[in-house]
Amino acid sequence: MQIKINDTITDERGRTGKIINIGIATDKNDIAGEDGVDAKEYDTDLNYTGAITFCNEENNSTYWCYFMQIKEVNKKAVKIDLTNWIG
């Protein structure tokens, strides 16, 4: 699955929030990627170790989870009204 900064995700615990950091591990002893590379996007199919930090703006809480704990990326359909564009 593709993830990007500002995507809204839900983890396996049911916590939902907007991704604010993606850390990819560069050392086998740093599985959360805290000392690794910060990325703007990542494809979890690459199977690197690392973690994301995400923020729930409704309750002003910040969480983190490993890549493997991301349950889904929440995509919302964007509606664009083209019926009144002349104005």
Side-chain angles (χ1 to χ4, degrees):
M1 112 185 50
Q2 293 279 343
I3 58 172
K4 296 178 183 174
I5 298 291
N6 293 320
D7 278 351
T8 300
I9 64 97
T10 301
D11 72 1
E12 64 184 20
R13 292 180 169 182
R15 302 175 301 186
T16 298
K18 187 182 291 189
I19 298 175
I20 57 176
N21 186 59
I22 300 171
I24 299 172
T26 57
D27 182 290
K28 67 181 178 182
N29 296 313
D30 177 31
I31 61 171
E34 293 175 291
D35 297 323
V37 175
D38 288 335
K40 293 180 182 179
E41 59 184 73
Y42 173 65
D43 186 340
T44 59
D45 290 342
L46 294 171
N47 291 320
Y48 297 136
T49 57
I52 61 166
T53 306
F54 57 106
C55 179
N56 182 307
E57 295 173 350
E58 291 178 15
N59 64 14
N60 202 27
S61 297
T62 302
Y63 307 107
W64 72 273
C65 70
Y66 295 112
F67 295 148
M68 65 190 137
Q69 295 173 314
I70 300 170
K71 182 176 176 182
E72 66 183 337
V73 178
N74 305 317
K75 302 287 184 183
K76 292 184 179 179
V78 177
K79 284 188 158 184
I80 301 172
D81 183 4
L82 297 175
T83 60
N84 191 14
W85 60 275
I86 296 177

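We count residues from 1, following the sequence as given. Keep in mind it's a predicted model, so treat the numbers as computed, not measured. Below, all heavy atoms of this structure are taken into account, side chains as well, without hydrogens, waters or symmetry copies.
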Donor-acceptor contact present, side-chain D7 to main-chain K4, <3.5 Å:
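Checking the backbone N and O of K4 against the side chain of D7, a donor-acceptor pair under 3.5 Å is found.
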Side chain of Y48, backbone of Y42: donor and acceptor closer than 3.5 Å?
no
Nearest 0.5 angstrom please: [X] [atom1] to [Y] [atom2], how far?
X   : Y   : atom1 : atom2 : value
D45 : N47 : CG    : CG    : 7.0 Å
N60 : E58 : CG    : CD    : 11.5 Å
I70 : I3  : CD1   : CD1   : 4.0 Å

Side chains of F67 and T49 in contact at under 4.5 Å (non-hydrogen atoms)
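Counting from C-beta outward, F67 and T49 never come under 4.5 Å.
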What residues, two or more places apart in sequence or in another chain, satisfy side chain to side chain donor-acceptor pair (under 3.5 Å) together with Q2?
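For Q2 the side chain to side chain donor-acceptor pair (under 3.5 Å) partners, ignoring immediate neighbours, are D43.
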For F54 and I52, work out which heavy atoms get closest and say how close.
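That closest heavy-atom pairing would be CD2-CD1, 3.9 Å.
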Exercise answer: donor-acceptor pairs, residues 32-40 side-chain atoms, under 3.5 Å, sequence neighbours excluded:
none

Side chain to side chain contact (heavy atoms under 4.5 Å, CB included) for Y63 and T53? Distances and angles first, verdict last.
CA-CA 6 Å; Y63 307 107; T53 306; over 6 Å; no
When you group the ILVMFWY residues by side-chain heavy-atom contacts below 4.5 Å and let the links chain together, are Y66 and L46 in the same group?
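Unlinked, L46 and Y66 end up in two clusters.
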In a table with atom names and distances, give each donor-acceptor pair under 3.5 Å that connects a side chain of residues 12-23 to protein atoms at least two apart or in another chain.
unit_1, atom_1, unit_2, atom_2, d
R15, NE, D11, OD2, 2.7
R15, NH2, D11, OD2, 2.6
R15, NH2, W64, O, 3.1
T16, OG1, T10, OG1, 2.9

